Amino acid sequence: MKFFVDTADIAEIRDLASTGLVDGVTTNPSLVAKTGRSFLDVIREICEVVPGPVSAEVAATDHATMLAEGRKLAKLADNVAVKVPLTPDGLKTCKALSDEGTAVNVTLCFSAAQALLAAKAGATFISPFVGRLDDVGSDGMQLIAEIVEIYAAQPNLKTEVLVASVRGPGHVIEAARLGAEVATLPPGVLRQMFNHPLTDKGLAAFLADWGKTGQSILSEDDEREPARRSA
Ligand code: E4P
């Protein structure tokens, strides 16, 4: 399963990418607005840090302008995936861009019918928003199960399920169990996944016992990587 990070914050992306666990990045207009920076600069910079797909969303709603925006975004870097909304014009744009060889992420998916249409339109990724469905009393993970089942039953459809609007590690675990290819995680959720109180407790006990031995594995002659900030 691939892990993308769902942020436009370059410092967060650099930090998390240093773990070697980040396969791509998703952004959206709200995340870009939070940075206060130029959208095109942010996307260029992210694409240099993470070699995997970086989703950059169009801002227009009509096909002609979406297509022009998508073509411009695709030229920013080889790893840009153009993000389009799940509307008739968005899917028309998806089809045109994917026919040109551009990766497309179809966003704001809330039903299996929409996911089927996006796959027919040649989407590289479909982004069902699980958290926003949960927020209105629906079952986001049930939608993931339906889409995974439909795509598996139609092997001619090549679209990957990118679980979006993730609210916690539970969503990620369930997405993995269901066979979704990708989950995009807010940085805080990826950090939460590292944590378990028994890991902290066990490590503290091991270190205390190790201290009693008075030993050191490395000597001054041994090579060390320069220290980096960790996740
Ligand atoms: C996905 O690409 C979106 O950027 C994102 O997951 C939206 O999540 P939210 O519902 O937390 O805004």
Side-chain angles (χ1 to χ4, degrees), residues 1-10 12-13 16-17 22-37 39 42-43 45-47 49-50 52-59 61 66 69-70 73-74 76 79-87 90-91 93-94 97-98 102-111 114-115 118-119 121 123-144 147-148 159-176 178 180-193:
M1 184 180 201
K2 286 171 277 192
F3 285 174
F4 291 0
V5 281
D6 196 26
T7 181
D9 181 331
I10 192 74
E12 287 275 34
I13 293 167
L16 291 168
V22 172
D23 302 298
V25 175
T26 51
T27 68
N28 64 41
S30 307
L31 294 171
V32 171
K34 271 195 215 165
T35 69
R37 297 186 53 206
F39 175 42
V42 167
I43 296 299
E45 211 174 321
I46 298 172
C47 286
V49 175
V50 176
V54 173
S55 291
E57 188 161 344
V58 297
T61 53
M66 269 195 259
E69 288 180 350
L73 293 172
L76 293 177
N79 52 331
V80 165
V82 175
K83 210 172 178 189
V84 299
L86 209 154
T87 61
L91 292 191
T93 306
C94 172
L97 288 171
S98 66
T102 296
V104 182
N105 177 359
V106 176
T107 190
L108 292 168
C109 170
F110 294 96
S111 77
Q114 290 180 319
T124 314
F125 303 107
I126 182 69
S127 289
F129 278 35
V130 294
R132 292 193 195 186
L133 277 170
D134 292 353
D135 290 346
V136 296
S138 290
D139 184 346
M141 294 318 303
Q142 179 57 37
L143 174 60
I144 300 302
I147 299 172
V148 168
T159 305
E160 295 191 358
V161 179
L162 191 171
V163 179
S165 188
V166 161
R167 300 283 195 253
H171 275 153
V172 185
I173 299 309
E174 195 54 26
L178 292 169
E181 286 88 356
V182 194
T184 188
L185 318 186
V189 172
L190 181 50
R191 290 201 169 85
Q192 273 181 295
M193 290 178 70

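Computed from a predicted model, the values in this text were never measured in an experiment. For ligands, and for the atoms within them, numbers begin at 1 and follow the listed sequence.
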Among all protein non-hydrogen atoms, which one is nearest to [atom], and what is the separation to 0.1 Å?
atom: atom 7 (C) of ligand 1; result: Phe129 CE2, 3.6 Å
atom: atom 5 (C) of ligand 1; result: Asp6 OD2, 2.9 Å
atom: atom 11 (O) of ligand 1; result: Arg167 NH1, 2.8 Å

**Item:** Working for side-chain contact (heavy atoms from CB on, under 4.5 Å), residues Val58 and Val82
**Value:** CA-CA 7 Å; Val58 297; Val82 175; 3.8 Å; yes
**Request:** Go through His171 and Val163 one step at a time and tell me if the side-chain contact (heavy atoms from CB on, under 4.5 Å) criterion holds.
**Result:** CA-CA 9 Å; His171 275 153; Val163 179; 5.5 Å; no
In ligand 1, which numbered atoms sit nearer than 4.0 Å to a non-hydrogen atom of [X]?
X: Ser165; value: 5 (C), 6 (O), 8 (O), 9 (P), 10 (O)
X: Thr26; value: 2 (O)
X: Lys83; value: 1 (C), 2 (O), 3 (C), 4 (O)
X: Arg132; value: 7 (C), 9 (P), 10 (O), 12 (O)
X: Ala164; value: 1 (C), 6 (O)

**Prompt:** Is Arg132 close to Arg167 at the side-chain level, that is, under 4.5 Å between some pair of heavy atoms?
**Reply:**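 In contact.
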**Within-4.5 Å side-chain heavy-atom neighbours: Phe125 and Val104** =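 Not touching, per the 4.5 Å side-chain cut-off.
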For ligand 1, find out whether one of its N or O atoms is nearer than 3.5 Å to an N or O atom of [X].
X: Thr27; answer: no
X: Asn105; answer: no
X: Asn28; answer: yes
X: Ser127; answer: no

**Request:** Identify which one of Thr27, Asn28, Thr26 satisfies the side-chain hydrogen bond (donor to acceptor under 3.5 Å, both in side chains) criterion when paired with Asp6.
**Result:**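 Option passing the side-chain hydrogen bond (donor to acceptor under 3.5 Å, both in side chains) with Asp6: Thr26.
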**Request:** Step by step, work out the side-chain contact (heavy atoms from CB on, under 4.5 Å) result for Arg37 and Ile10.
**Result:** CA-CA 11 Å; Arg37 297 186 53 206; Ile10 192 74; 3.8 Å; yes
**Asked** Would Lys34 and Asp9 pass as an ion pair if we require N to O under 4.0 Å?
**Response**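 No, this pair does not count.
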**Request:** Run the salt-bridge test on Arg191 and Glu12 with the 4.0 Å N-O cut-off and return the result as yes or no.
**Result:**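 Judged by the 4.0 Å cut-off on N to carboxylate O distance, Arg191 and Glu12 do form a salt bridge.
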